[in-house]
Colleague: 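Take this structure, written in structure tokens, and hold onto it; I'll ask about it next.
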Amino acid sequence: MARFGRILTGFAKVALVSTGLGLGGGLAYVTATDQRSLKLWTGMGPVVVHYRAIEVKQKYLGPAPNSPEADAEYDVLHHKYADHVLRTFQELRGFYIKVGQYLASRNDMLPDVYSEKLRTLEDQVPHDTDRDTIMAIMKQSLGVGDLKDILVGFDPAKPIGTASIGQVFRARLKENGADVAIKVQTPGIEALFRSDLKTARLFCSVMAPEQVIAFDEIEKQFMTEFDYRKEADQLEKVRQNMRKFSSEVVVPKPYMKYCTKEVLVMDFIPGPKLIDGIREMGKVWAAKQGIDFEQMQRDTKAKYQKEGLPPPYNGPSAATLEMYRTSLHVRDEIVNYPVWLYNTIAQPLFSVFTLGFLSLPRAPYFHSFIPLNSAKIMDTLLRVHGHQLLVDGFFNADPHPGNFLLCPDERIGLIDYGQVKRLTREQRHDMVKLIAALYRKDEARIREIVMANGYVSKYTDPTVISKMVVVCFDQDGRNTTDGLNLQQFMDKMFETDPWEKTGELVIMPTRMSLLLRSIGLMMNHPVSVVSVWGPMAEMVLKREKIAYSA
């Protein structure tokens, strides 16, 4: 449980330097510069101080770390501060919503009470833009005097989702009756993001210098989100690129004539968030087995925290599980055929023969519990995003769990393409070669590629480079991170060989890989990304005649 204190330290460790600089001095600085920074420090600082105090107390006075008594002390803090931390993120909005979304996706690092709270930041941020402002933005952006001229059923007071930079509404297009989702950007959000990134950079320069080198690329990528016309273009390009996967995924179509800088109109994709759909299915399965689903989840997380993340899934393949699911469907058809005959023939005939005075009850149909194919879901997500990265060179740099939907036909809805990274041909080829080198376990070539793309560290330690590339692009289970969680592992690597620069190439593909892996963890289905991307990289090398060693 102590690890959560370290995670929270990532937001306000500056405040912990009170013994040397004085908390008052830090507050005076942020008061003079930025009220939002003050809110961050005063909102998160006391939380971090309390966690760190318990950590120090347990280290020197007891109870022993990781003992039941120690965990109980942390549980008190978790329940004391979870709502407070969520409220702080909700009030700050902007960049901090993105931070909360990422933390929520790492259910291996967060206690249950925090991960459940922070998951609401994926699409349930309380909205603070009133209906009149929404109407004014819509009318001005779309150039209409009355929204009823183009939309049916639009209610500006009832967003169906709210996240980091805007709100989402549902309506129908009057011209063709299409069911659409409408994103409306929050006024002033771009300026908030820029200010937040400066604050986050300051915090990281003190508490996590190993993260600072990524900030330029992250800031450049985040700043692409604030023009919905660009997102509409990106969405359409991805939709075209994903046509070959149309039986597995669906990407909403943007309606370009209604897309402006502040407004994006696109097809509405039905279905719950992927993780929510899987959780509901898990609850049904657990109930049939007489198992407490929530307790099962807690036990799994406790095992992760005690033993580290598990190695990648090595159970039945997606094809094997699909055959099992098909067999259940077939069995239901066979079992239900006599029931169908009874309900559609025997029962009506009996009623006719008795002149309607007597009737037989309808027989219930039998339905097996048919679980979702988690192996297929993860295989699809990895193949689709591997194709975007290695073949298209045009990929979603923000595939957090809230951006995937579970459609009624079991396809996966891919939404939110505000953060798309475009690779040059040379960058894409370098990425293909890097993934191929990982797949071949060619450590010398791995080091050559990342160093050629700008990686610089103090000692150029080959072991650190190799391990970091594996963790960035492949897996971060206990067999890879020496039994440490992700942040502890990065701390250890940075202490061994501090890095000073990293190439633009690796930041966003790493983020994509980490977020996809986090979805696997939330499904209790950890993955090795390179096991899927490696063969794809080899195929691209061969098809495009790319010289692996050049």
Side-chain angles (χ1 to χ4, degrees), residues 11 29-44 85-102 118 120-144 147 154-169 181-203 215-216 218-235 258-266 397-398 400 402-403 416-420:
F11 299 98
Y29 169 76
V30 294
T31 301
T33 57
D34 185 356
Q35 290 296 317
R36 286 174 58 75
S37 296
L38 176 62
K39 180 172 290 198
L40 175 66
W41 285 39
T42 56
M44 300 299 294
V85 170
L86 175 62
R87 282 196 302 272
T88 300
F89 282 167
Q90 289 174 333
E91 291 171 4
L92 288 168
R93 298 175 177 273
F95 173 73
Y96 302 106
I97 298 298
K98 295 289 187 185
V99 174
Q101 290 172 346
Y102 174 73
L118 294 179
T120 63
L121 298 176
E122 292 172 0
D123 62 357
Q124 300 174 41
V125 182
H127 57 91
D128 61 356
T129 307
D130 61 73
R131 68 179 308 278
D132 290 338
T133 302
I134 293 293
M135 291 288 285
I137 292 172
M138 291 280 289
K139 289 179 181 179
Q140 182 177 0
S141 291
L142 298 176
V144 296
L147 292 178
F154 175 72
D155 188 344
K158 294 182 179 179
I160 60 173
T162 310
S164 56
I165 71 168
Q167 298 175 42
V168 184
F169 302 86
I182 305 167
K183 292 174 67 171
V184 182
Q185 191 173 134
T186 301
I189 193 67
E190 183 174 353
L192 285 183
F193 251 77
R194 292 187 184 279
S195 175
D196 293 344
L197 282 164
K198 290 178 181 178
T199 301
R201 183 190 290 271
L202 171 63
F203 283 173
F215 259 85
D216 289 339
I218 289 174
E219 182 171 8
K220 181 172 69 175
Q221 197 64 47
F222 278 178
M223 289 303 108
T224 66
E225 276 200 88
F226 301 100
D227 188 338
Y228 283 159
R229 293 168 299 191
K230 184 172 183 179
E231 180 174 346
D233 289 338
Q234 293 170 170
L235 186 62
Y258 300 120
C259 294
T260 70
K261 185 177 186 298
E262 300 86 8
V263 176
L264 170 61
V265 179
M266 59 190 161
D398 189 30
H400 69 73
N403 286 343
D416 196 346
Y417 278 84
Q419 286 187 47
V420 170

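The model shown is predicted, which means the values in this text are computed figures rather than measured ones. As a basis for the values below, the full set of heavy atoms in this structure was taken, side chains included, without hydrogen atoms, waters or symmetry mates.
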Colleague: For Arg229, enumerate each residue passing the salt bridge (charged side-chain N to carboxylate O under 4.0 Å, His left out) test, keeping only those at least two apart in sequence or located in another chain.
Modeller: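 If we apply the salt bridge (charged side-chain N to carboxylate O under 4.0 Å, His left out) test to Arg229, skipping adjacent residues, the hits are Asp227.
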Colleague: More than 12 heavy atoms of other residues, nucleotides or ligands under 6.0 Å from CD of Glu91: yes or no?
Modeller: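 More than 12 heavy atoms, drawn from other residues, nucleotides or ligands, come within 6.0 Å of this atom.
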Colleague: Can any side-chain N or O of Asp398 pair as donor or acceptor with the backbone N or O of Gly418 at less than 3.5 Å?
Modeller: no
Colleague: For Glu262, which residues count as a side chain to side chain donor-acceptor pair (under 3.5 Å) partner, sequence neighbours excluded?
Modeller: Ser141
Colleague: How long is the straight-line distance from CD1 of Ile134 back to CD of Gln167, given to the nearest 0.5 Å?
Modeller: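 Between Gln167 CD and Ile134 CD1, I get 4.5 Å after rounding to 0.5 Å.
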Colleague: What's the shortest heavy-atom distance between Pro156 and Met135, and which atoms?
Modeller: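 Shortest heavy-atom separation between Pro156 and Met135 comes out as CG-SD, 3.6 Å.
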Colleague: With side chains defined as the heavy atoms from C-beta onward, is the minimum distance between Ile165 and Thr186 less than 4.5 Å?
Modeller: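 No. Closest side-chain heavy atoms not under 4.5 Å.
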Colleague: Could you tell me the separation between the CG atom of Leu235 and the NZ atom of Lys230, rounded to the nearest 0.5 Å?
Modeller: 14.0 Å
Colleague: Can you name the nearest heavy-atom pair linking Tyr228 to Gln185, along with the distance?
Modeller: CE1-N, 3.6 Å
Colleague: Hey, does Leu142 have a side-chain heavy atom less than 4.5 Å from the side chain of Tyr258?
Modeller: yes
Colleague: Rounded to the nearest 0.5 Å, what separation is found between the CG atom of Asp416 and the NZ atom of Lys183?
Modeller: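 These two atoms lie 4.0 Å from each other.
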Colleague: So, using ring pair (Phe, Tyr, Trp, His ring centres under 6.0 Å) as the criterion, who are the partners of Phe169 when residues are at least two apart?
Modeller: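 Per chain and number, Phe169 pairs via ring pair (Phe, Tyr, Trp, His ring centres under 6.0 Å) with Phe154.
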Colleague: Do Cys259 and Leu264 touch side chain to side chain, with heavy atoms closer than 4.5 Å?
Modeller: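 Side chain of Cys259 against side chain of Leu264, heavy atoms only: contact under 4.5 Å found.
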